Amino acid sequence: MNIASVIVDVPARQTDKSFDYLIPDEYIGSILPGMRIIVPFGPRKIQGFVVDLKDESDFSKLKEISEPMDLYPVLTKELLELGDWLAEKTLCYKISGFQAMLPAALKAKYEKKLILAENVDPLQLSLILQPFFIDSRELKWDEAINHGILSEIQREAANKLIDVIYEVKERVRKKKLKHIIPELSIEELIIEKEKINTRAGKQKDVIDFFIHRHKPIELRTLLSELKISSQTVSALVEKKILMEKELEVYRDPYQDRQFKQTYPLPLTEGQQKVIHPIQQSILMDEHHVFLLYGVTGSGKTEVYLQSIQTVLEKGKEAIVLVPEISLTPQMVHRFKGRFGDKVAVLHSGLSAGEKYDEWRKIQRKEVSVVVGARSAVFAPFENIGIIIIDEEHETSYKQEENPRYHARDVAIQRAEHFQCPVVLGSATPSLESFARANKKVYQLLSLPNRMNNQSLPAVEIIDMRDELRSGNRSMFSSVLFEKIKDRLEKKQQIVLFLNKRGHSSFIMCRDCGYVVNCPHCEISLTYHQSQQKMKCHYCGHEEYVPKQCPECKSEHIRYFGTGTQKVEEELGKVLPEARVIRMDVDTTSRKGSHEKLLDAFQKGKADILLGTQMIAKGLDFPNITLVGVLTADTMLHLPDFRSSEKTFQLLTQVSGRAGRHELPGEVIIQTYSPEHYSVELAGSQDYDQFYQYEMMVRKTHRYPPFYYLSLITITHEELMKVVTITEKITKYLRSKLSNNAIVLGPVASPIPKINNRYRYQCLIKYKKEPELSNALKIILDQYQQEMASSGLQITVDLNPYILM
Ligand SMILES: Nc1ncnc2c1ncn2[C@@H]1O[C@H](COP(=O)(O)OP(=O)(O)OP(=O)(O)O)[C@@H](O)[C@H]1O
Ligand SMILES: [Zn+2]
Ligand SMILES: [Zn+2]
């Protein structure tokens, strides 16, 4: 086996296949599949992944591998295969698939060292190695290569005497250090990224960094991680995309923390019923996908914990995915409290170095449970016994850049390989998953009741149009205002929720709540200020903004929107005695601040917790008896066919924060669209009816889960070019696909132009199109040259969740 098949780190169509390289004699036996290596490629030397070893090649003149980069494979055989699968399913390059599976520290270039493992004496090493470690416990990687002792090192590494480390620049322990904070939301960052001139690639990298890790970071770490100059950062600070601030430095938030050991609770009858088939599947090594549909506060987490227990007793491993936003300290406590040191936690709040440390614990099997956000689905375990996805309906499980994968699909693919169960948990399952459960593709498990049969909170829907008519122009209805006052007197706690997602791009009548929809697509029209027009971004329909409401003739028809800060100000005016904690992107940007605010609220240091999406999930506080939703509608009118589903899910989740323990809870939902089914049914907390209704809508308008969607977005500086190319692509697809496929377009994207780059799209709805994948590959091949040379961009998303 002296020939290695290698996928090189050049993300392009022409290089998206393996190349053969000769393994030099000294490395035969020590270069294995799944390792990273350095190879000559053209005039350069680049990184690559070994995917296979063989004895023969079809090519006669092979170049030699320059050097290995790893002591042990960083990708297992299973993950290598998963990479192929990802490339096939998402149309990404294989190299992008592999890189998505690894922690950032392995992507960047860090100084690599070999160190003696803890408590190992240099004299325990083989004679050849002893001289290298006698004076110092560490040895530079390059020196090991130069002395030709790599295979020797590998042997001792296998004996756990030597370890390889990637030295990430050590943080200086100082009280305050200069940090960089994103000033914009992730959505806005994505837009800004496209605005940046292609020549300023470094700036793009920085924005990209914050899109993935939307938290403050120390300036120095940022500079060294991205290998950029401080000018690059200052340019972005000047553009008000980033902000500079002196902040205190924290280390790993879980370090030095004692977690109180918890023990399995005796399960309720309902819990026993749902856990049985899961445990059965674990014990029998059978792959099943379970949809655990349990109302808020029904004890799903305890079911996860005890299922994991069974897995660990079998000597296997568990992966638990939670949405980044609900990866709260409370959640982490529950897993660390039960399984202690066996748990690794992976989330975006960790620095690259910390993340790599957690990943290494997984790789070396020092832990057997990983709790983490989306990318934790790639945890390099080799004996997986269960994969759990909590809040499975969350759209953040879909990655919005290459590879555009959905963690649910990856989880199922891996679980099939390991013949183990996948558990999808939610109080408001995605329509796709519930439909699959109904068709018996997934196995449905229900927990219809709260713990101890505590009733769900009573929900009252307030029509804000009535408030306006009776002269109340404040953002609190009189009912909500009275109830807040009541709770303040009783010293009980209140959660006020403001739905900030969904910007003011839709037009609504303040008097009757009327919103203009597209007559063909059943989604709201988006307002375009420059042309004073409203447009449908699915089919292209457009019309002028009415001067008068077509429904009630009122002239109060305009944009919509408020912010948390404004609410806080108003609370200060009308209820000066209330102590308020505000939680939004601004107040939680500091590492650890999220936890501090929640902690203060739990300790009763405030009466009202006011916040956005981030307070909708996972909170389990006994003293909350009132939840107020200030504006239920803001998301309802996004140009997105999932907007009703998202609204229903969010309202149900927020409502679920009230009355989880002894004290009964109450929920007030303020809205301008009380008659909209997603608001009304969230009010009666009736998921089943919502499901029925929404399925009907999806069927009528041919959306998922009845049809699959694929979205192709084309962008360029010249409008004519974008239109012509989109036209050609659309035409080509029409000719290649069956008559049952619906090809919509060419049409301008919801955001039709970003910094002089025009954006057009083609949306395909289909049930079964075996030719689609090939046709898309041909399109990408066809334009490869132009994409490389003229700044043309074509992105393909085979399961889009953001349609802008
Ligand atoms: N068998 C049990 N006996 C006693 N208490 C339990 C049991 N199972 C769960 N609980 C408690 O009930 C409460 C609600 O459970 P849990 O948070 O697991 O529900 P959940 O379904 O995960 O909720 P949500 O989806 O709203 O986050 C928690 O305080 C939990 O400790
Ligand atoms: Zn009106
Ligand atoms: Zn339309």
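Source: prediction; values computed, not measured. Just so you know, ligand 1 is whichever comes first in the structure, and atom 1 is the first atom listed for that ligand.
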- Query: Of R334, K300, M451, E302, which has the heavy atom at the shortest distance from atom 17 (O) of ligand 1?
  - Reply: R334
- Message: Quick test of your reading of the structure: of T296, T652, L265, L447, whose heavy atom lies closest to atom 4 (C) of ligand 1?
- Response: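 Looking at heavy atoms only, the winner is L265.
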- Task: Identify, with sequence neighbours excluded, every residue that meets salt bridge (charged side-chain N to carboxylate O under 4.0 Å, His left out) alongside D797.
- Result: K398, R404
- Using heavy atoms and a threshold below 4.0 Å, how should the contact between Q653 and ligand 1 be classified: side chain, backbone, both, or neither?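 No part of Q653 comes within reach of ligand 1.
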- Contact between S298 and ligand 1, counting heavy atoms under 4.0 Å?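 Heavy atoms of S298 do come under 4.0 Å of ligand 1.
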- Query: Do any heavy atoms of R657 fall under 4.0 Å from ligand 1?
  - Reply: yes
- Query: Taking the six-membered ring of Y397 as reference, does the NZ or CZ atom of R408 fall below 6.0 Å from its centre and within a 45° cone about the axis?
  - Reply: no
- Query: So, S281 and H288: side-chain donor and acceptor under 3.5 Å apart, yes or no?
  - Reply: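 Their side chains do not contain a donor-acceptor pair, so the 3.5 Å distance test is not met.
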- Among side-chain atoms of Q653 and E391, is any donor-acceptor pair under 3.5 angstrom?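 Result is yes, a qualifying pair exists.
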- Message: Are Y687 and Y293, when compared by the centres of their aromatic rings, separated by less than 6.0 Å?
- Response: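 Between Y687 and Y293, the centre distance is under 6.0 Å.
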- Report yes if the distance between the aromatic ring centroids of F690 and F434 is under 6.0 Å, otherwise no.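 No, the ring centres sit 6.0 Å or more apart.
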Would you mind listing which atoms of ligand 1 come within a distance below 4.0 Å of any non-hydrogen atom of [X]?
X    : answer
L267 : 1 (N)
P266 : 1 (N), 2 (C), 3 (N)
T301 : 18 (O), 22 (O)

- ligand 1 to G297 polar contact by distance, N or O atoms, under 3.5 Å: yes
- Message: Quick test of your reading of the model: are E400 and R374 salt-bridged, counting only N-O distances below 4.0 Å?
- Response: no
